[in-house]
Every structure is written in structure tokens, then in C-alpha cells.
Amino acid sequence: MKNILTVKGLHASIDGKEILRGIDFTVNAGEVHAIMGPNGSGKSTFASVIAGDPRFEVTGGEVTYNGVDLLAMNVEERARAGVFLSFQYPVEIPGVSMANFMKLAVARRREYLGLPQLSSGEFLKMMREKGKVVELDSKLTGRAVNEGFSGGEKKKNEIFQMAMLQPELSILDETDSGLDIDALRIVATGVNKLRTPDNATVVITHYQRLLDYIVPDFVHVLYKGQIILSGDKSLALKLEKEGYDWLINQYK
Amino acid sequence: MERASLLNDMFGTVVRICGGECRSPFGIMPSGIRVLSLGEAIRSGAVLVEAFGGLCADAEGVLIDIPAGYRAEGTVCITVEGDGGCDVAISAGDGSDAELVFLFDGNATCGRFVSVCHGASLRVREVFASAAGESVAVSCRARIDGEAFMDTVTVELGDGTAKLSYATALEGAMSKTVHSGLFMAGDGERKSVAVRVEHRVPDCHSDVTMKGVAAGDGFGAFDGMLYVARDAQHTEAYQQSRNLIMGGKARILTSPQLEIYADDVKCSHGATVGQMNDDAVYYMRQRGLSEAEARGLQLAGFVNDIIMRFEGGLAQRVLEAAEKKIDAMQRFVE
């Protein structure tokens with residue numbers, strides 16, 4: 001099975017405060033991993049560090065993506081190579097149309113993959129088709145990026161962009177937060193549609209509910225910047241029922 | 001200069017004013033609009049200076065006479081270039097409908113005097129494209145009669161100095177003026193825009209939106225004034241100044257002001273001065289755009305709604321010129 005991501009002893013801090021304290025984590029093609037854990041355990045930081053958020057400083061460890069040193073790449077190089085982060089809080093960008101934004105993003109990704117660029121007609125067709133993956137109204141793709149989108153629309157828009165860019169490694173940072181039941185089903189179904197034997201998904205979530213739709217192969221619990229337990233999908237069910245206390249007590 | 005010629009091609013100049021003198025033949029154009037010597041028109045009594053607020057009796061320059069009832073057949077393009085001063089008077093006759101496009105280039109100094117007569121509709125589009133080291137100064141005065149409408153779009157993207165001032169008087173009931181503008185002050189550049197709108201009678205409408213961008217040690221200023229006379233009840237007047245600062249040394253001073261003497265009006269004014277949104281830049285980089293692309297897209301997003309008010313192919317060409325300006329300004333970020 002092809003290895004996509006290998007993280008060894010990853011340490012990272014922000015403003016001198018250490019958040020990640022030695023994470024080991026491996027993702028192979030075709031797998032779905034769920035990362036759970038109490039608030040403040042470092043889940044979003046982990047996602048940001050893998051994406052290359054310049055606010056975080058990596059102080060130790062190594063990360064290999066498709067055999068190359070991911071930490072040596074900047075944010076856009078990682079994105080073009082197929083690392084995708086679905087943001088917990090997607091940013092509104094007034095005046096920048098979704099179409100212009102995605103056109104550039106898709107062009108950069110295709111450049112990296114050595115694929116020919118799309119004509120305007122092909123691109124618009126792709127926008128329409130991929131919009132259907134998450135039932136995103138085509139009117140929204142004609143508007144400015146996330147401007148005036150509802151919480152649910154913003155999250156659908158993240159998965160729409162994922163569909164457009166066809167990443168190899170997708171990290172979904174609390175994509176289920178702020179979604180009503182229908183939107184959750186649509187977003188999760190969309191993510192499942194995008195699964196292939198060649199890509200992998202890391203789902204960060206607080207709730208088992210999302211994992212009913214996106215069934216994980218592995219569940220990891222992050223606590224104080226370390227993975228303290230890994231298991232299969234039954235671990236998520238146990239956490240849902242019993243909380244984190246029993247695990248944290250063992251850890252202490 | 002390259003940018004100016006780029007715009008020239010597209011405009012297909014009809015009236016060319018160079019070094020303070022009109023270089024195009026006077027007469028009636030195929031569209032029916034008359035282009036006359038302003039000095040001769042005043043001396044012969046064909047034009048009453050009183051019809052244009054502030055026009056001197058010894059003014060020299062060009063008179064653009066749009067006949068009553070005229071219906072727009074394409075645009076009339078006027079270029080003002082080279083060194084030297086010149087006045088341009090524009091008379092939009094009763095019920096006429098026309099569009100004028102101005103391109104200012106070089107060290108042009110120009111006084112523009114506009115009279116929009118009853119029920120007329122006049123669209124003015126203007127691009128300022130002076131090169132580095134050049135200085136353009138334009139003073140525009142307009143008076144608008146009852147039920148008439150003037151819509152002005154100003155795009156200043158030169159590399160030199162620009163000093164633009166506008167004073168519009170709404171003199172007839174139900175008249176309306178809309179002015180949307182943009183100035184871009186790159187490194188070493190000074191841009192100032194003053195917009196005064198006077199509501200002298202009741203039931204008029206005005207809307208001013210001016211956007212400014214400054215980068216490097218560029219400096220921009222907006223001085224806005226909405227004046228509502230004592231009897232100008234039921235005035236609706238809005239004034240907005242939106243500004244973007246790129247880099248620590250860039251400065252924009254904005255002062256949107258209201259002076260209201262009537263008591264039954266709807267007026268607002270506001271100003272913002274902000275910076276590039278770093279979260280938005282990160283978000284776009286995470287989708288594969290370079291930092292320069294992300295910043296450029298954001299800046300284009302800020303200015304595009306003004307530029308898109310130009311019509312058709314004109315919008316595209318001005319957009320291309322603006323993109324070049326944006327690229328140049330990007331170099332001075334950080």
C-alpha cells in the first residue's frame with residue numbers, strides 16, 4: 001500500500017508555546033483517519049502545521065509526504081502537491097469571485113501534475129459538475145469567496161474546492177461544526193464520493209456523528225499534543241459514550 | 001506612456017487636446033454632437049458663461065455641445081495630454097443621453113465645466129494615466145438641472161501625481177448624481193481627490209464612493225463634502241471612502257464630511273482604512289496560489305467593482321491597465 005504521509009516526533013509551537021509534543025502518525029493511500037480529542041489538545045494545530053501555516057514554528061521531528069520532506073515546502077507548494085485543508089473557519093474574501101479564485105487554484109494544481117490547462121468552457125463545466133458533489137447552488141460559485149455564505153454553505157464550499165482540486169491528502173478540520181443534520185449528510189456524502197484508492201482523508205472531529213457517515217479505518221486520540229491512543233472505529237463509539245476522562249486518567 | 005497609448009488605441013480618440021490646444025477639427029461630428037472652440041462660442045454669445053458655474057469669460061478650450069433630445073450613439077472620447085492647460089465645457093441639452101470618455105495623460109491641467117440640462121442623462125468615464133514624474137491637475141464643476149442625472153466613474157492609475165477636484169451642484173428637483181472613483185498611490189506617488197456635492201433644492205439624490213489604495217511610501221487623500229441647503233428637504237445623500245494600505249509607510253488621509261441645514265433628509269457618510277487580510281492570503285495559498293497571486297487577487301477584488309462600471313470592452317482594457325498597476329504596487333509590499 002502506498003504511503004502518503006509519515007509524521008515522526010513532530011513538535012510545533014506558536015509564540016513560544018509548545019502545542020505539539022511529539023506526534024507519530026502514518027497515513028496510507030485509501031485510508032480514512034479520524035483524530036479526536038478534548039478542546040485545546042492540538043488537533044487544529046496539527047492540521048495547520050501539515051498545511052504549512054506560517055504562524056506555527058516546527059521545533060522538531062520530520063514529516064514525509066509522498067517520499068519528500070513536506071516541512072521544506074511552503075504553503076502553496078504543499079497545496080499544489082495535493083495537500084488540502086478544509087478550514088474550520090473558511091475566510092470571506094470580498095470582491096474575489098469563486099470562479100477567478102478556483103481558476104487560478106486549478107491551474108496551479110494542473111501545472112504541478114503536468115496536465116494540460118483547461119479551456120474556459122471545460123473549467124465552467126467542471127465547476128458545475130463538482131458543485132453537484134455537495135449540492136452547492138451554482139449561484140454561490142458565481143459570488144465572492146464565502147461572502148455572505150451561511151455556515152453550512154461555507155463548509156459545502158470547502159468540499160466543493162476539494163472536489164475541484166482532487167487532492168491526495170485531505171485534512172478536514174471540524175468540517176461538521178455548525179452544520180445542521182441535512183448539511184452534515186450532504187457534506188459527508190460529498191467527502192465519500194471523493195474517496196479513491198489513491199487518496200486519503202484525515203477527519204478532525206469532536207463527534208461520532210460525522211463518523212457514522214465517513215467511516216474511519218483508524219481513530220486517534222490527541223491529548224496535550226500527543227497521540228495517546230489509536231484504535232479502530234469502535235474507539236470513537238466508546239469515546240462518545242464514556243468521554244475522555246477514563247483515557248486521560250490512564251495517561252496521567 | 002505605454003499604458004496611455006494602450007488606452008488611446010482603444011478609445012479611438014475623437015477630440016484630442018494636446019499641450020493645452022485642441023488638435024482635432026471643430027465642427028459637427030457624425031454622431032450629431034458639436035465640438036466648438038470654447039473661446040469663440042463665448043465671444044459670439046453662443047454660450048453664456050453663467051450657464052456653467054465658475055467658467056471665466058476669457059476661457060479658451062473646447063465646447064462639447066450635446067443637442068437636446070440626443071440619444072447616445074457610442075461614446076465620445078476626449079484625450080487631454082502633454083503639458084499645458086485647457087478648459088472643456090460640456091453642455092448636455094434637455095432630455096439628451098450621452099457618454100463621454102476622458103483620458104488624461106502627461107502634465108495636463110484641465111478645468112471641466114458641465115451643464116446637465118433638464119431631464120438629461122450624462123455618463124462621464126475618466127482614466128488618469130500620467131507617467132512617473134508627471135503631474136495632472138483637474139478641476140471639475142457641474143450643475144445639474146431638474147430630473148437630470150450625471151454618473152461619473154473616475155479611475156486614477158497613473159504613476160505620477162494627481163490632484164483631482166469635483167464640485168457638483170444639484171440645482172433642479174429630482175436631479176441625481178452618482179460618482180464612483182478609485183485612486184492608486186504607488187511608491188513615491190501623491191494622489192488627492194476632493195469631491196463636493198451640493199444639494200441646493202429638495203428631492204435630489206447623490207451617492208459618492210471613493211476607493212483608495214496606497215503602497216510603498218505612497219500617499220493618498222480623500223476630502224469629501226456633502227452640503228445640504230436649508231430648503232433641500234427629502235435629500236438622499238451618501239458618501240463612502242474605502243481605503244487599503246499596503247505596507248507600513250503608505251498613508252491615506254480621508255475626511256468625509258457632512259454639512260446639513262435641512263431637517264428632513266437621509267444622509268450618511270463613512271470611511272474605512274484597512275490592510276490586506278493575511279488570513280485571506282493564507283487561505284488562497286492553501287489552495288495553491290502564490291503569495292503574490294493571492295495579494296493581487298485580493299487587491300483586484302477591492303478595485304474591480306469600480307472598474308467594472310466602465311462599459312463593455314472599455315472595462316476589460318482598463319482592467320488590464322489596472323492589473324499592471326497592481327503588479328507594480330505589489331513590489332512595495334512589506
Side-chain angles (χ1 to χ4, degrees), chain A residues 47-48 50-56 73-113 143-147 154 157-158 160-167 169-171 173, chain B residues 155 180-182 184 209-213 240 242-246 270 272-310 315-316 318-320 322-323 325-327 329-330 333-334:
Chain A
S48 298
I50 297 300
D53 188 335
R55 289 176 304 164
F56 294 93
M73 299 158 78
N74 68 21
V75 187
E76 56 268 35
E77 286 165 347
R78 296 181 198 197
R80 292 167 190 171
V83 176
F84 180 90
L85 173 64
S86 167
F87 283 69
Q88 185 177 0
Y89 303 107
V91 186
E92 293 191 16
I93 315 176
V96 176
S97 78
M98 271 305 294
N100 285 342
F101 169 48
M102 272 295 104
K103 204 169 191 172
L104 266 175
V106 169
R108 293 292 165 266
R109 174 88 173 116
R110 292 182 73 88
E111 225 168 67
Y112 174 86
L113 293 171
R143 295 211 327 235
V145 181
N146 291 322
E147 194 183 32
K154 281 181 183 169
N157 192 20
E158 293 294 286
F160 163 68
Q161 293 173 45
M162 178 176 155
M164 291 291 286
L165 296 169
Q166 296 171 303
L169 176 67
S170 302
I171 304 166
D173 188 6
Chain B
V155 172
S180 313
L182 164 71
M184 301 178 86
T209 303
M210 193 59 62
K211 289 190 169 186
V213 184
Q240 277 191 77
R242 301 268 172 266
N243 303 284
L244 189 63
I245 297 285
M246 297 161 68
T272 57
V273 181
Q275 296 188 346
M276 280 277 179
N277 181 346
D278 286 339
D279 289 341
V281 171
Y282 170 58
Y283 184 82
M284 289 189 268
R285 289 179 71 195
Q286 210 298 307
R287 300 300 186 247
L289 278 66
S290 69
E291 185 164 354
E293 284 172 330
R295 288 187 183 279
L297 210 53
Q298 210 184 340
L299 184 51
F302 180 74
V303 304
N304 280 3
D305 65 326
I306 301 291
I307 294 172
M308 293 318 281
R309 295 184 49 107
F310 279 80
Q316 192 51 41
V318 177
L319 205 57
E320 283 166 16
E323 277 168 6
K325 180 75 181 171
I326 287 170
D327 283 347
M329 290 179 85
Q330 287 262 27
V333 178
E334 301 312 328

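Within every chain, numbering begins at 1; the chains are lettered A, B, ... in the order of the sequence lines, protein sequences first and strands thereafter. Every value quoted in this text rests on a predicted model; they were computed, and no experiment measured them.
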Quiz item: With sequence neighbours excluded, what pairs up with A:N157 under the side-chain hydrogen bond (donor to acceptor under 3.5 Å, both in side chains) test?
Solution: A:N146
Quiz item: Side chains of A:L104 and B:L297: closer than 4.5 Å at any heavy-atom pair?
Solution: yes
Self-check item: Region of A:V145 that comes under 4.5 Å of a non-hydrogen atom in chain B
Solution: side chain
Self-check item: Engaged part of A:L165 at the chain B interface, taking heavy atoms whose separation is under 4.5 Å
Solution: side chain
Self-check item: Among the listed options A:R109, A:E158, A:M164, the residue most often paired with chain B at heavy-atom distances under 4.5 Å
Solution: A:E158
Quiz prompt | salt_bridge(A:R108, B:E293) N-O dist < 4.0 Å | solution = yes
Quiz item: What part of A:P90 is in contact with chain B, defined as an atom under 4.5 angstrom from a non-hydrogen atom: side chain, backbone, both or neither?
Solution: both
Quiz item: Could you state the interatomic distance from CD (B:E291) to CD (A:E76), rounded to the nearest 0.5 Å?
Solution: 7.0 Å
Exercise. Step through the shown structure and confirm whether more than 12 heavy atoms of other residues, nucleotides or ligands are within 6.0 Å of OH on A:Y89.
Key: no
Quiz item: For B:N304, is it the side chain, the backbone, both, or neither that has a heavy atom closer than 4.5 Å to a heavy atom of chain A?
Solution: neither
Quiz prompt | Close side-chain approach of B:L289 to A:F101, heavy-atom, < 4.5 Å | solution = yes
Quiz item: So, for A:P54 and B:R285, which heavy atoms are closest and what is the spacing to 0.1 Å?
Solution: CG-NH1, 4.4 Å
Quiz item: Looking at residues at least two apart in the chain, or sitting in another chain, which of them share a side chain to side chain contact (heavy atoms under 4.5 Å, CB included) with A:Q88?
Solution: A:S44, A:D173, A:E174, A:S177
Quiz item: Rounded to the nearest 0.5 Å, what separation is found between the OH atom of B:Y282 and the CG atom of A:L85?
Solution: 5.5 Å
Quiz item: A:A79 and B:G288: which non-hydrogen atoms are nearest, and at how many Å?
Solution: CB-N, 3.4 Å
Quiz item: Below 4.5 Å, heavy atoms only, C-beta onward: do B:M284 and A:V91 meet side chain to side chain?
Solution: no
Self-check item: Nearest-0.5 Å distance, OG of residue B:S290 to CD of residue A:E77
Solution: 11.0 Å
Practice problem: Indicate yes or no for a side-chain donor-acceptor contact from B:Q286 to the backbone of A:V83 under 3.5 Å, with no hydrogens or angles considered. | Solution: yes
